[in-house]
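See structure below.
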Amino acid sequence: IRILGSSPSFFPLLPKQLILRQNTLFGMGNPLLDICAVVDKDFLDKYGLKPNDQILAEEKHKEMFEEIVKKFKVEYHAGGATQNSVKVAQWMIQEPHKVATFFGCIGKDMFGKILKEKAEEAHVDAHYYEQSEEPTGTCAACITGDNRSLVANLAAANCYKKEKHLDLEENWKLVEKAHVYYIAGFFLTVSLESILKVAKHASENNKIFCLNLSAPFICEFFKEALMKVMPYVDILFGNETEAAAFAQERGFETEDIEEIAKKAQSLPKENKKRQRIVVFTQGKEGTVMTKGVETFPVLEIDQSEIVDTTGAGDAFVGGFLSQLVQDKTFEQCIHAGHYSANVIIRHAGCTFPEKPDFH
């Protein structure tokens, strides 16, 4: 059996046929239904939106989600950071279907029904916690020309309950079936106890637990929760702005991304059987990885071919995870991450062609 990268104890020794089977990859996060539509300037003005922006929905945006569906031709996609990543991983893998499992909270409503259909179309084994108090989380992508104004209404995504979903025997069995776990930092704002239960399971069973810093505000305002999870993190993802925010909050006293990666790698760790790997993307500047600390160049792309960079980070992680669950080297994981990000930025939203052309 070939071992991942050059770290002999990183991947548990598993028969090859066990690696690529259903539910090998587990993701948990904030599921959102992406609602994409080409809108007019009047629509933006009505809801006080900038042509190119990302905001959380306020009271004044409440009616917007229904209006965009009634007024414009819309496309629906299963979204949210973690769900995007597992969706891309499943797309890169192709078969078997349902290698990726996803947990999150939705509402018992029309948008929830559509989200379930879209997850199924993506061949992701989504097991949502469904509740009636809050509507399904949505993200409206209001397109005008080359601009996209994103308005996210987390709603039900904020309502995930460990004891009502994760702790149920049939759901926990799916967690136990997995060998690689991925959670975006955004979920730290929703259910720290759920993350810790999964992270501890991974650590105690020598499985791989991955976390994404996700946004500077996570590093700044949820640093206590972040540092509770950090000892269980085997692979830490982030981009250059998140890395800088993380360094500042930890008092690292360096702005050098490679140094930040090394310092993040050396933070205390529970499972001593494998060293933490840190992977920081820097857009077109290449990706830094701590395995001797290397920078890997991204695939070249003509500026005119870039349609939308939204979801590029999620896609990178999805590509990376697709190879990780197949026992590929870290270099191959990075290469797959760069490939999938390169595909996604050529399409509107986190969407992709039917099959990858990845070698």
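Remember, it's a predicted structure, so these values are computed and weren't measured experimentally.
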Given ring-ring contact (aromatic ring centres under 6.0 Å, His included), test F320 with F237 step by step and report yes or no. CA-CA 10 Å; F320 189 103; F237 293 102; 5.1 Å; yes
Say whether [X] and [Y] are linked into one hydrophobic cluster, either directly or through other cluster members, by side-chain heavy-atom distances under 4.5 angstrom.
X    : Y    : value
V198 : Y232 : yes
L236 : L267 : yes
M227 : V233 : yes
M110 : I106 : yes
L32  : L115 : no

Identify whether the distance between the nearest side-chain nitrogen and carboxylate oxygen of [X] and [Y] falls below 4.0 Å.
X    : Y    : result
E259 : K262 : yes
K46  : E67  : yes
K161 : D167 : no
D314 : K87  : no
E130 : K116 : yes
K113 : E117 : yes

In Å, rounded to the nearest 0.5 Å, how long is the span from [atom1] of [X] to [atom2] of [Y]?
X    : Y    : atom1 : atom2 : value
K50  : S149 : NZ    : OG    : 9.5 Å
D34  : N84  : CG    : CG    : 6.5 Å
H335 : Q332 : NE2   : CD    : 8.5 Å
L150 : C36  : CG    : SG    : 8.5 Å
S203 : R274 : OG    : CZ    : 9.0 Å

Pairwise side-chain contact, [X] with [Y], heavy-atom cut-off 4.5 Å (strictly under):
X    : Y    : result
K355 : Q94  : yes
L25  : V180 : yes
I143 : V39  : no
Y182 : F209 : no
F186 : T82  : no
L166 : K197 : yes

Any chance you could lay out the side chain to side chain contact (heavy atoms under 4.5 Å, CB included) test for T24 and R21, step after step, and finish with the verdict? CA-CA 6 Å; T24 299; R21 57 166 174 72; 3.5 Å; yes
side-chain hydrogen bond (donor to acceptor under 3.5 Å, both in side chains) between N239 and T281, worked out: CA-CA 5 Å; N239 64 25; T281 58; 5.5 Å; no
Any idea how F316 and H338 line up, ring-wise: parallel (<30°), tilted (30 to 60°), or perpendicular (>60°)?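 Answer is tilted, since the angle falls between 30° and 60°.
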When the ring planes of Y160 and Y129 are compared, do they come out parallel, tilted or perpendicular, using 30° and 60° as the limits?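 The rings of Y160 and Y129 stand perpendicular, inter-plane angle above 60°.
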Neighbour count >12 (heavy atoms, 6.0 Å) for atom [atom1], [X]:
X    : atom1 : value
E63  : CD    : no
E253 : CD    : no
E193 : CD    : yes
K71  : NZ    : yes
K98  : NZ    : no

Give the minimum heavy-atom separation between [X] and [Y], together with the two atoms involved.
X    : Y    : answer
H77  : E75  : NE2-OE1, 3.2 Å
F187 : N30  : CD1-OD1, 3.3 Å
Q265 : Q275 : NE2-CD, 3.3 Å
I277 : T290 : CD1-O, 3.4 Å
R276 : A264 : NH1-O, 3.0 Å
C142 : F43  : SG-CE2, 4.0 Å

Pair F65-F111, ring-ring contact (aromatic ring centres under 6.0 Å, His included): steps then yes or no: CA-CA 10 Å; F65 296 89; F111 286 156; 7.7 Å; no
When the aromatic ring centroids of F26 and F103 are compared, is their separation below 6.0 Å?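 Judged by ring-centre distance (under 6.0 Å), F26 and F103 do meet the cut-off.
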What I want to check is whether the side chains of [X] and [Y] have a donor and an acceptor closer together than 3.5 Å.
X    : Y    : answer
D256 : T254 : no
Y128 : H165 : no
D125 : N23  : yes

With side-chain hydrogen bond (donor to acceptor under 3.5 Å, both in side chains) as the test, would you mind laying out the steps for Y181 and K207 before giving the verdict? CA-CA 8 Å; Y181 302 83; K207 298 175 178 182; 3.2 Å; yes
Show your reasoning for whether side chain to side chain contact (heavy atoms under 4.5 Å, CB included) applies to Q282 and T287. CA-CA 6 Å; Q282 307 174 89; T287 300; over 6 Å; no
Would you check, one step at a time, whether the test side chain to side chain contact (heavy atoms under 4.5 Å, CB included) holds for S322 with V88? CA-CA 8 Å; S322 75; V88 169; over 6 Å; no
Could you walk me through whether W91 and H123 satisfy the ring-ring contact (aromatic ring centres under 6.0 Å, His included) test, starting with their C-alpha distance in whole Å, then the side-chain angles of each, then the deciding distance to 0.1 Å, before giving a yes or no? CA-CA 8 Å; W91 169 70; H123 306 301; over 10 Å; no
Side chain to side chain contact (heavy atoms under 4.5 Å, CB included) involving I55 - partner list, sequence neighbours excluded: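 So I55 forms a side chain to side chain contact (heavy atoms under 4.5 Å, CB included) with L49, D53, H61, V151.
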Examine distances only and state if a side-chain atom of Q248 and a backbone atom of A244 form a donor-acceptor pair shorter than 3.5 Å.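 Checking the backbone N and O of A244 against the side chain of Q248, no donor-acceptor pair under 3.5 Å is found.
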Walk me through it: do C210 and L324 pass the test side chain to side chain contact (heavy atoms under 4.5 Å, CB included)? CA-CA 11 Å; C210 313; L324 189 65; 4.2 Å; yes
Applying side-chain hydrogen bond (donor to acceptor under 3.5 Å, both in side chains) to D357 and Y339, what does each step give before you reach the verdict? CA-CA 9 Å; D357 178 24; Y339 167 80; 5.6 Å; no
Starting from the C-alpha separation in whole Å, work towards a yes-or-no answer on salt bridge (charged side-chain N to carboxylate O under 4.0 Å, His left out) for E121 and K118. CA-CA 5 Å; E121 282 172 21; K118 291 298 168 185; 3.3 Å; yes
Please tabulate, one pair per line, all N/O donor-acceptor pairs under 3.5 Å involving side-chain atoms of residues 216-225, not counting sequence neighbours.
{"from": "K223", "atom 1": "NZ", "to": "E249", "atom 2": "OE1", "distance (Å)": "2.8"}

